[in-house]
Amino acid sequence: MTKISESERRQNYLRAVRFEKPDFIPMAFHINGACWNNYPVDALKELILSHPLLYPDPSVWLPPEGFTPSPKQSGNITYTDDWGCFWETSEAGIVGVVTKHPLENWDSLQGYIAPDPETCMGIGPIDWEQTAKSFEQTKANGSLCAAGLRHGHTFLQLVDIRGYQNLMYDMADEDPRLDVLIEMVEQFNLGLVKRYVRLAPDTMGYAEDLGMQNGPMLSPAHFRKYIKPSYQRLMKPAKEAGCLVHMHSDGDIRSLYADIVDGGVDVMNLQDLVNGIDWIKQNVKGKVCIELDIDRQKTTRFGTPAQIDEMIREEVSELGSPQGGLMMVYGLYHGVPLENANALMDAMERYAFFWRS
C-alpha cells in the first residue's frame, strides 16, 4: 500500500466531511486500554503492524514497555473530579462510574462552585500553554487538528452532579434550580470552547451519549427544552470560527437526531445497528457527514469473519458515495475474538477504497 502522508490524510478527511470527493473513506480503529491486559500483547501489536492504513505510524499506537493505564483508569480505585463527583473504577482501562453526586440534595446548591476552565477540563487539569504547543506541532506535521469538550459535557454532566433519577424529576417538575445548574455547566463548557477555538483547530467535538438500547435517556421534549439550547450556544463559537462541528452519541438517538444536528453539526458519529442502516440512509446520508460507529454488540463479537466483511461492505455501499459524507470508526473491547478483530480491520482497509473511480 502506498504510504499516505499526514497532510494527505487531513485533506482527505476534510473532503469527506465536505462532500468533495475524497480519495478514500476515512477509517479509524481504536484499541481500548483494557485490551492490553486481556489479549496477548504481541497479538495486538501484530494487528497494528499489519494494517498500515489504520495505523500509518505504529509507534504512536504501540504501548511502551511496562504499559499501564492512566491512574484514573486503573482498577479498583476511587477519585473525585473537578465537579465534586465521586468515581469508582473497577477494571483497568475502562472508565468508571459516578456513585456519589455532589448535588444529590438541592440544599447543597448554595455555595456550589463550578470549576475553572482556565485550569481544568471537568475531569482533570489542562495546561493551555502546552495545549497550544501541541496544536502548533500537529499543524506543523500537516495532521488534522481536533479539539473537543470532555465526553459527557452537558447532559451526562448534569446526571453526574444530580443523579439520573433526580435529574429526570427536575425536568418533569420544571424545577427552577435546574436552570441555575445548567447555566453553571454551560458557562464552564463555553469557557473551554472559546479557549479551544482561539487555537484554530480543524474540528471541535461535542461527545455525549444520549441513547439507550431502545430510545434516548430523556424525552425529545426535555432535550429540546433543557439541552438543545446549550448545545447550540456551545457550538456557535466553533461555527463562527470556521471549525467543523463533530457530534458523537452512543445508543438509539433517532427521536433526538433532528434536534441534535440543528445547531450546525457537520459530522455525526452514531452507532450503526442500534439506529439501523435503513434509518441512517434515509435520514442522515447526504445531509450530514456520517461517522459510522461500527457494531460492538452483535456481529463483530459473535459473528464470523465472513459476516463481518459482508456487514462492512453493505454499510459502505448503502451509506457511502463517491462524493464523500462517510467515515467509519470501531472501538475494540476485550471479548471480541482476535480473528474477528483482524477480519474487521481487513474489511475496513479493503472497503475504504470502495468508491474510488
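Predicted model, so just to flag it, every value in this text is computed and none were measured.
- Looking at Trp106 and Asp170, their side chains do bring a donor and an acceptor atom within 3.5 Å of each other.
- Judged by distance alone, the side chains of Asp309 and Tyr351 do bring a donor and an acceptor atom under 3.5 Å apart.
- The local environment of CD in Gln130 is crowded, with over 12 non-hydrogen atoms from other residues, nucleotides or ligands closer than 6.0 Å.
- Remark: side-chain polar atoms of Asn275 are paired, donor with acceptor, to backbone N or O of Gln271 under 3.5 angstrom.
- Checked by atom type and distance alone, the side chain of Arg150 never pairs as donor or acceptor with a backbone atom of Met121 at under 3.5 Å.
- Taking the charged nitrogens against the carboxylate oxygens, Asp266 and Lys239 do have a contact shorter than 4.0 Å, which makes a salt bridge.
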Test log, rule side chain to side chain contact (heavy atoms under 4.5 Å, CB included), inputs His151 and Leu156
CA-CA 8 Å; His151 185 287; Leu156 292 180; 4.2 Å; yes

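- Rounding to the nearest 0.5 Å gives a distance of 7.5 Å between OG1 of Thr119 and CG of Asp82.
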Determine whether Asp160 and Gln157 satisfy the following criterion, side chain to side chain contact (heavy atoms under 4.5 Å, CB included), listing intermediate values before the conclusion.
CA-CA 5 Å; Asp160 288 347; Gln157 184 66 76; 4.1 Å; yes

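- In the hydrophobic clustering of ILVMFWY residues, with side-chain heavy atoms under 4.5 Å counting as a link, Leu244 and Met268 come out apart.
- In this structure, Val159 and Asn166 have side chains that are not in contact, with every pair of non-hydrogen atoms separated by 4.5 Å or more.
- Side-chain contact, Ser143 with Asn141: no donor N or O sits under 3.5 Å from an acceptor N or O.
- One finds the CD1 atom of Ile182 at 7.5 Å from the CG atom of Leu167 (value rounded to the nearest 0.5 Å).
- Between the side chain of Glu291 and the backbone N or O of Val329, no donor-acceptor pair lies under 3.5 Å.
- Without hydrogens or angle criteria, Glu91 side chain to Ala34 main chain gives no donor-acceptor distance under 3.5 Å.
- The pair Lys139-Asp202 fails the salt-bridge criterion, with no side-chain N (NZ, NE, NH1 or NH2) lying under 4.0 Å from an Asp/Glu carboxylate O.
- A side-chain donor from one of Glu8 and Ser5 sits under 3.5 Å from a side-chain acceptor of the other.
- There is no side-chain donor-acceptor pair under 3.5 Å between His51 and Glu46.
- Between Cys85 and Ile161 the shortest side-chain heavy-atom distance falls below 4.5 Å.
- A donor-acceptor contact shorter than 3.5 Å is absent between the side chain of Asp81 and the backbone of Ile123.
- Within the 4.5 Å cutoff, no side-chain heavy atoms of Gln297 are placed close to those of Leu273.
- Using a 4.5 Å cut-off on side-chain heavy atoms (C-beta onward), Tyr55 and Leu49 make no contact.
- Separating the OH atom in Tyr196 from the OG1 atom in Thr203 is a distance of 11.0 Å, to the nearest 0.5 Å.
- Taking the charged nitrogens against the carboxylate oxygens, Asp23 and Arg356 have no contact shorter than 4.0 Å, which rules out a salt bridge.
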Evaluation steps, side-chain hydrogen bond (donor to acceptor under 3.5 Å, both in side chains), between Thr299 and Gln307:
CA-CA 7 Å; Thr299 306; Gln307 288 171 330; over 6 Å; no

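- A search for side chain to side chain contact (heavy atoms under 4.5 Å, CB included) contacts involving Glu118 returns Asp116, Trp128, Arg195, not counting sequence neighbours.
- Taking the charged nitrogens against the carboxylate oxygens, Arg233 and Glu186 do have a contact shorter than 4.0 Å, which makes a salt bridge.
- Between Trp355 and Phe24, the ring centre distance reaches or exceeds 6.0 Å.
- Using a cutoff of 4.0 Å between basic side-chain nitrogens and carboxylate oxygens, Glu6 and Arg10 are not scored as salt-bridged.
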What's the verdict on side chain to side chain contact (heavy atoms under 4.5 Å, CB included) for Tyr226 and Asp179, showing C-alpha distance, side-chain angles and the deciding distance?
CA-CA 8 Å; Tyr226 292 107; Asp179 296 324; 3.9 Å; yes

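- Under a hydrophobic-cluster definition in which Ile, Leu, Val, Met, Phe, Trp and Tyr are linked whenever side-chain heavy atoms come within less than 4.5 Å, directly or via other members, Phe188 and Val197 are assigned to the same cluster.
- Residues Leu326 and Ile25 share a closest heavy-atom pair of O-CG2, 3.3 Å.
- Taking CE of Met348 as the reference point, atom OH of Tyr330 lies at 9.5 Å (rounded to 0.5 Å).
- Listed by chain and residue number, His153, Phe223 satisfy the ring pair (Phe, Tyr, Trp, His ring centres under 6.0 Å) test with Tyr231 (two or more places apart in sequence, or in another chain).
- There is a path of hydrophobic side-chain contacts, each under 4.5 Å, that joins Leu319 to Trp279.
- Residues Leu103 and Tyr164 are members of one and the same hydrophobic cluster, defined by side-chain heavy-atom contacts under 4.5 angstrom among Ile, Leu, Val, Met, Phe, Trp and Tyr.
- Side-chain atoms of Asn32 never come within 3.5 Å of backbone atoms of His334 as a donor-acceptor pair (strictly under, hydrogens ignored).
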Could you go through the salt bridge (Lys or Arg N to Asp or Glu O under 4.0 Å) check for Lys100 and Glu104 one step at a time?
CA-CA 8 Å; Lys100 295 180 182 178; Glu104 188 169 1; over 6 Å; no

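- Put simply, the side chain of Asp293 never gets that close to the backbone of Asn269: no donor and acceptor are under 3.5 Å apart.
- Alongside Ile113, the hydrophobic cluster contains no other residue (criterion: ILVMFWY side chains under 4.5 Å).
- A heavy-atom distance below 4.5 Å is not found between the side chains of Arg313 and Met311.
- Using a 4.5 Å heavy-atom threshold, the side chains of Trp83 and Met184 count as touching.
- The pair Arg296-Asp250 meets the salt-bridge criterion, with a side-chain N (NZ, NE, NH1 or NH2) lying under 4.0 Å from an Asp/Glu carboxylate O.
- Taking 4.5 Å as the limit, some side-chain heavy atom of Tyr257 sits within range of a side-chain heavy atom of Val288.
- Counting side-chain heavy-atom gaps under 4.5 Å among Ile, Leu, Val, Met, Phe, Trp and Tyr, Phe19 is found in no cluster with other residues.
- At a threshold of 4.5 Å between non-hydrogen side-chain atoms, the residues Arg301 and Asp295 do not count as touching.
- Remark: Tyr333 OH to His30 NE2 distance equals 10.0 Å, nearest 0.5 Å.
- Shown here are the side chain to side chain contact (heavy atoms under 4.5 Å, CB included) partners of Cys289, two or more places apart in sequence or in another chain: Val17, Val267, Met327.
- Met27 and Leu144 fall into different hydrophobic clusters, where Ile, Leu, Val, Met, Phe, Trp and Tyr residues are linked whenever their side-chain heavy atoms come under 4.5 Å apart, directly or through other members.
- The salt bridge (charged side-chain N to carboxylate O under 4.0 Å, His left out) test applied to Arg198 returns no partner, not counting sequence neighbours.
- Asp209 places no side-chain N or O within 3.5 Å of a backbone atom of Ser249 that could act as its donor or acceptor partner.
- Using a distance-only test at 3.5 Å, with no hydrogens or angles considered, no donor-acceptor pair links the side chain of Asn105 to the main chain of Ser108.
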May I have the step-by-step check of side chain to side chain contact (heavy atoms under 4.5 Å, CB included) for Met212 and Met217, ending in yes or no?
CA-CA 6 Å; Met212 298 187 291; Met217 285 190 276; 3.3 Å; yes

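- In this structure, Cys145 SG and Glu136 CD are separated by 10.0 Å, a value rounded to the nearest 0.5 Å.
- Under the 3.5 Å distance criterion, the side-chain polar atoms of Asp42 are left unmatched by any main-chain donor or acceptor of Leu44.
- The nearest pair of heavy atoms linking Leu190 to Leu234 is N-CD2, 3.5 Å.
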